[in-house]
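What follows is one structure encoded as structure tokens, with my remarks underneath.
When reading the values below, keep in mind they use all heavy atoms of this one structure, side chains included, and skip hydrogens, waters and symmetry mates.
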Amino acid sequence: MLGKRIFLYLFLYLILNISYAQRMPTLGEVWSNAERRVYENEILRQQAIREEMENERLRRQYQEEENRRQELQRVNYQIQQLMISAAGGNAADQYTLGNLYFNGQFVQPEPQIAVYWWQRSAIQGYALAQSSLGYAYFVGVGISQNYKEAVYWRTKAAEQGEPNAQTALGSMYMSGQGVKKNPKKAVYWLKKAAKQGHAIAQECLAWAYYDGNGVPKNKIYAYVLFSHVANSSENAKNGLLIVKNAMTQEQIMHAQSISVYDILK
């Protein structure tokens, strides 16, 4: 009887140990499971990074759209106030409103409306509006082309010291557009603008000195003026090369010792 019990115990012990051994994973299985968990964790980490990046992109996009919306509201409000002020007779705001319509800035480009506001401002004596109105008449934008009107309004602005108008008026006197050709008067207005640092006026004046048009021919003065504005346009660079090739080395050295302001004083 005792032997049967011992045999039974041994049999159960062996059965239990065999079952346990069958449930024990191998080293390879342990390593494979660990690799799988690392891989799965890495996938989850990458997914979380992508989600965070997408959320950040959406946040930035929303903020940019919100900034644009607020900016548009601010601009619309400023334009409304500008229109109210212009309608009330403010010459500076009439000129500014005309510029917005002419350039199509924040509003649809409407040259005729631009000219309307420039006219209202120019009539009040606002020099910048007078100059712009002169330009509109000269090129025929927003209003019928009329050189005489261009001269009239550019003269009004030039007399108040507006350099763009002075330069344009000088060019018209030099070419005889809208006025009787008068190189001396052209040089008079070009000098006015050149003294204020207007690069185009200084370039035109350089050509006048080179050609002796309205002033005594003077290659040294032409060289000085061309040198001063050579970086502002290809025409000025070419003019400098032309006048330099027509000068002696002594003349060039003399010109290099003269300031543009010595010529314009």
Side-chain angles (χ1 to χ4, degrees), residues 102 111 114-115 118-119 121-123 125-230 232-247 251 255 258 260-265:
F102 189 81
V115 169
W118 284 343
Q119 285 174 325
S121 179
I123 290 170
Y126 197 72
L128 291 173
Q130 291 171 339
S131 181
S132 295
L133 185 57
Y135 170 79
Y137 273 116
F138 183 78
V139 297
V141 176
I143 200 166
S144 298
Q145 189 178 54
N146 190 320
Y147 286 157
K148 289 186 177 181
E149 286 291 325
V151 170
Y152 174 80
W153 288 109
R154 282 174 166 174
T155 300
K156 288 283 189 182
E159 288 173 346
Q160 295 192 69
E162 208 289 303
N164 289 318
Q166 291 171 338
T167 303
L169 189 60
S171 296
M172 293 184 80
Y173 274 111
M174 192 67 79
S175 63
Q177 289 178 298
V179 291
K180 185 178 179 180
K181 190 172 181 179
N182 190 332
K184 288 186 177 181
K185 204 162 189 178
V187 168
Y188 168 82
W189 286 115
L190 289 172
K191 278 188 174 181
K192 290 278 189 181
K195 286 180 180 179
Q196 298 187 64
H198 199 285
I200 296 176
Q202 292 172 348
E203 182 183 332
C204 291
L205 198 57
W207 284 114
Y209 275 113
Y210 179 75
D211 294 326
N213 203 1
V215 288
K217 194 168 186 176
N218 192 320
K219 288 181 287 188
I220 291 175
Y221 281 9
Y223 180 95
V224 173
L225 287 162
F226 276 133
S227 298
H228 189 69
V229 294
S232 65
S233 76
E234 286 298 318
N235 285 336
K237 286 182 182 179
N238 293 334
L240 180 59
L241 289 175
I242 291 171
V243 71
K244 187 176 181 180
N245 290 333
M247 297 171 68
Q251 287 175 321
I258 299 175
V260 67
Y261 302 104
D262 293 331
I263 299 173
L264 299 175
K265 64 183 179 181

Closest contact, heavy atoms only, Y173 versus K180: CD2-O, 3.9 Å

M172/R154 under side-chain contact (heavy atoms from CB on, under 4.5 Å): CA gap, chis, key distance, verdict: CA-CA 10 Å; M172 293 184 80; R154 282 174 166 174; 3.3 Å; yes

Give a yes or no on whether L264 atom CG has more than 12 heavy-atom contacts from other residues, nucleotides or ligands under 6.0 Å away. yes

Please find out if less than 6.0 Å separates the ring center of Y126 from that of W118. no

For Y147, check ring pair (Phe, Tyr, Trp, His ring centres under 6.0 Å) against everything at least two apart and list the hits. F138

P216 to Y209 - nearest heavy-atom pair and separation: O-CD2, 3.7 Å

Tell me whether K192 contacts the main-chain N or O of A158 through its side chain, where contact means a donor paired with an acceptor under 3.5 Å. no

Validation row: I220, M247 side chains within 4.5 angstrom (heavy atoms): yes

To the nearest 0.5 Å, how far apart are CG in L205 and CG in N213? 11.0 Å

When you compare the side chains of S233 and E203, does any donor N or O come within less than 3.5 Å of an acceptor on the partner? yes

Once side chain to side chain contact (heavy atoms under 4.5 Å, CB included) is applied, do any residues pair with K244, and if so which ones, sequence neighbours excluded? Y223, I252

Between N146 and W153, is there a side-chain heavy-atom distance shorter than 4.5 Å? no

Straight-line distance of L240 CG to N235 CG, nearest 0.5 Å: 12.5 Å

Residue pair V187 / V215: nearest heavy atoms and the distance that separates them: CG1-CG1, 3.4 Å

Smallest separation among heavy atoms of I143 and A136, with atom names: CG2-O, 3.8 Å

By the definition side-chain contact (heavy atoms from CB on, under 4.5 Å), identify the one residue from Q166, H198, M174 that meets it with L190. M174

Atom OH in Y188, atom CG in L169: separation rounded to 0.5 Å? 10.0 Å

For A201 versus A193, what's the shortest heavy-atom pair and its separation? CB-CB, 3.6 Å

How close do A157 and S131 get, counting heavy atoms only, and between which atoms? CB-N, 3.7 Å

Flag the pair F102 / V141 as yes when at least one side-chain heavy-atom distance between them is below 4.5 Å, and no otherwise. yes

Beyond-backbone contact of Q130 with E162, side-chain heavy atoms, under 4.5 angstrom: no

Measure the CG-CG distance between L128 and N164 for me, rounded to the nearest 0.5 Å. 8.0 Å

Min side-chain heavy-atom separation L241-K237 under 4.5 Å: no

